[in-house]
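FYI, side chains are in, hydrogens and waters are out, and symmetry mates aren't considered; it's all heavy atoms of this structure. All values derive from a computational prediction rather than experimental measurement. A note on names: the letters A, B, ... follow the listed sequences, proteins ahead of strands, and every chain is numbered from 1.
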There are 2 protein chains.
Amino acid sequence: MSIRGLFPIDKWDFKSESILMNLPDEDFAILSANQSEQPYSKGEVIFREGGYPTGIFYIKEGKVKKYKLIDGGEQIIYVANSGELIGYHAVLSEERFPDSAAALEESVVGFIPKEDFFEVLQRSNILSRRLLKTLSHEFTVLANGMTLFAQRSVRERLALQLIVLREKYKTNFKPGEPVEINLSREDLASLVGTAKENIVRILSEFKEKEILKTKGRKIVIYDVKKLIEIANYK
Amino acid sequence: MSIRGLFPIDKWDFKSESILMNLPDEDFAILSANQSEQPYSKGEVIFREGGYPTGIFYIKEGKVKKYKLIDGGEQIIYVANSGELIGYHAVLSEERFPDSAAALEESVVGFIPKEDFFEVLQRSNILSRRLLKTLSHEFTVLANGMTLFAQRSVRERLALQLIVLREKYKTNFKPGEPVEINLSREDLASLVGTAKENIVRILSEFKEKEILKTKGRKIVIYDVKKLIEIANYK
DNA sequence: ACGAAAAACTGAAAAAAGTCATTTTTTAGA
DNA sequence: TCTAAAAAATGACTTTTTTCAGTTTTTCGT
């Protein structure tokens, strides 16, 4: 049995992967009609907090961070993987973007104008129903995240994030091969909600416990079970 | 200009108040048909984490806390006021309740079976559209909450919660009259994500600064502006 | 392959938060 | 109104986290 089976990672990881999959042909045609795609290089901003949304984004390749700017620094809220949809909250709530998005690696992102998105929402209730389900699930996951921040130590939070990130970076590696997480200490710190120095310190602790190794900025995970223990993951 | 006007409290406070308001008569009739209502005394549990949802709840009178159980203690996620809808996330995501709900004071709560709720969702897209908007907004607010936990000190978090709670308890008092927040130190601690001792200590700090007074368990707020400063509220 | 710039790492000290034991005050029921 | 139980408040102490100043290592463009 896989770790994935034993421990429902997605309790801590909302995914919007399936929203646009297998929609009726007509709906799909509308969404495709004016769709455009664009490559983003590492670090490039896709949309910015406070901007007016003109459509939704679909990650075709790569990984994207969603983050909020906060006194000079940033707080990463979520790492979205290829296949996922981003930017639709602001479109649906008819507000400005509450957060920014930037590529974590070379990525390709598709764009669908909000008019087309709304047209499909209007036409069929399949998309509505899926979105309601996804948004409700996301709410649940975020509430878990809040509890995590409020009740767990930095060490526990880091352990859990490493488990979640390992799942995201899994796709880049062959099964059985140890997974390498390719994220700067600064981004990792921002995701965990602490300073980069603490991440470095706790990572070397984990190295001593033979949970992982670091290769420059890459973190190679060897012992997920110990991480689960440390994360006190339930 | 009111504090409310100057500072958009609802950046930190999602409200589902208007979801069922002014729906088309037919939709409203369906929702009312099998609706039932029940009084809950202070502390009484309305639904429990892990249970299977059979419908959604509407707070007619009183206040309700939504919380997650976590190693013996609890983490309060949200204080819902009269007029608000709760329990619909689990119904929409077709999962079990991710959190529990209990009355914070004598309350009256209405119950609408999920079949009726789904029927209205199916019939008209007004409710769908509203829910999509509300859920997206809630997502944004929760993400703000996460950032708060991750980046702010206990003092700042408490100050902000007092501002938000003051708005909720406002309805119980005449305009101009100082607002009394009636919440145990333990619940307040759980909402802020710290131990009750810390709440007591920071509250007495605030008393010295003439921001508030305490009357037993009640907290009377006198100087919201200072709280806003401390909360570093942007 | 080289060198400058960026990122990662280290140590020490200060501040913040958490814990535990105990006293005082408040609440709620008889 | 009195009293027992619950909640709030206080003090001393421990642990965790933050901060700052610096060194070493890695990365990346040429």
Side-chain angles (χ1 to χ4, degrees), chain A residues 41-44 65 70-76 104-106 148-159 161-162 180-208 212-220 230-232, chain B residues 41-44 65 70-76 104-106 148-159 161-162 180-208 212-220 230-232:
Chain A
S41 51
K42 189 171 167 179
E44 208 177 336
K65 63 177 173 184
I70 193 132
D71 351 278
E74 61 182 49
Q75 167 69 40
I76 297 182
L104 277 172
E105 54 188 51
E106 304 299 304
L148 187 72
F149 273 115
Q151 304 278 356
R152 303 288 186 205
S153 68
V154 172
R155 183 168 293 92
E156 289 172 306
R157 272 154 32 210
L158 175 56
Q161 282 300 349
L162 289 175
E180 292 182 7
I181 295 169
N182 191 355
L183 204 62
S184 73
R185 300 293 177 271
E186 188 139 24
D187 277 347
L188 195 47
S190 158
L191 195 57
V192 171
T194 186
K196 49 189 182 306
E197 292 94 327
N198 294 318
I199 296 294
V200 169
R201 267 183 264 273
I202 300 170
L203 282 180
S204 50
E205 219 182 85
F206 289 176
K207 263 190 276 188
E208 275 172 25
L212 49 83
K213 287 182 185 169
T214 59
K215 285 193 206 172
R217 68 179 245 146
K218 284 178 188 144
I219 298 164
V220 194
I230 291 166
N232 198 7
Chain B
S41 52
K42 189 172 167 180
E44 208 176 336
K65 62 177 173 184
I70 193 131
D71 347 280
E74 61 182 47
Q75 167 68 39
I76 298 183
L104 277 172
E105 55 189 49
E106 304 300 302
L148 187 73
F149 273 114
Q151 305 277 356
R152 303 289 186 203
S153 68
V154 172
R155 182 169 294 90
E156 289 172 305
R157 280 168 7 225
L158 175 56
Q161 283 299 348
L162 290 175
E180 291 182 5
I181 295 169
N182 191 355
L183 202 62
S184 73
R185 301 292 177 272
E186 189 139 22
D187 277 347
L188 195 47
S190 158
L191 194 58
V192 170
T194 186
K196 49 189 183 306
E197 291 94 328
N198 294 319
I199 296 294
V200 169
R201 268 184 262 274
I202 299 170
L203 281 180
S204 51
E205 217 182 88
F206 288 175
K207 264 190 276 188
E208 275 173 25
L212 49 83
K213 286 181 186 168
T214 59
K215 284 194 208 173
R217 68 179 247 148
K218 284 177 186 146
I219 299 164
V220 193
I230 291 166
N232 199 5

With a 4.0 Å cutoff (strictly under), does any side-chain N or O of [X] reach OP1 or OP2 of [N]?
X: B:Arg155; N: C:dA16; answer: no
X: B:Asn198; N: C:dG18; answer: yes
X: A:Ser153; N: C:dG18; answer: no
X: B:Thr194; N: C:dG18; answer: yes

Rounded distance (Å) that lies between atom [atom2] of [N] and atom [atom1] of [X]:
X: A:Glu156; N: D:dT17; atom1: CD; atom2: P; result: 9 Å
X: A:Glu105; N: D:dC28; atom1: CD; atom2: P; result: 13 Å
X: B:Glu186; N: C:dT27; atom1: CD; atom2: C1'; result: 16 Å
X: A:Ile199; N: D:dT16; atom1: CD1; atom2: P; result: 16 Å
X: A:Gln151; N: D:dT17; atom1: CD; atom2: P; result: 14 Å
X: A:Arg157; N: C:dA17; atom1: CZ; atom2: P; result: 12 Å
X: A:Asp187; N: C:dA6; atom1: CG; atom2: P; result: 16 Å
X: B:Lys196; N: D:dT10; atom1: NZ; atom2: P; result: 15 Å

B:Glu156 atom CD: more than 12 heavy-atom contacts under 6.0 Å: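 Result for CD/B:Glu156: enclosed.
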Hey, is the side chain of [X] pairing donor to acceptor with the base of [N] inside 3.5 Å?
X: A:Glu197; N: C:dC9; answer: no
X: A:Arg152; N: D:dT17; answer: no
X: B:Arg201; N: C:dT19; answer: yes

Selected nucleotide, minimal atom distance to A:Val154 side chain, candidates C:dA8, D:dA8, D:dT17: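 Closest of the options to the side chain of A:Val154: D:dT17.
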Residue mapping more 5' on DNA chain D - nearest nucleotide basis, A:Gly193 or A:Arg217: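 First, find each residue's nearest nucleotide; the 5'-ward one identifies A:Gly193.
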First of B:Lys42 and B:Ala195 reached from the 5' end of DNA chain C, by closest nucleotide: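 Result of the comparison: B:Ala195.
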Side chains of B:Asn182 and B:Glu105 in contact at under 4.5 Å (non-hydrogen atoms):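 A side-chain contact is absent here, since even the closest heavy-atom pair is not under 4.5 Å.
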Heavy-atom side-chain proximity of B:Phe149 to A:Gln151 below 4.5 angstrom: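 B:Phe149 vs A:Gln151: side chains apart.
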Nearest atoms (heavy-atom pairs only) where B:Thr214 meets B:Arg185: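 What the structure gives for the nearest pair is CG2-NH2, 3.6 Å.
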Atom of B:Ala195, atom of B:Ala189 and distance for their closest heavy-atom approach: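 Looking at all heavy atoms of both residues, the closest pair is C-CB, 3.7 Å.
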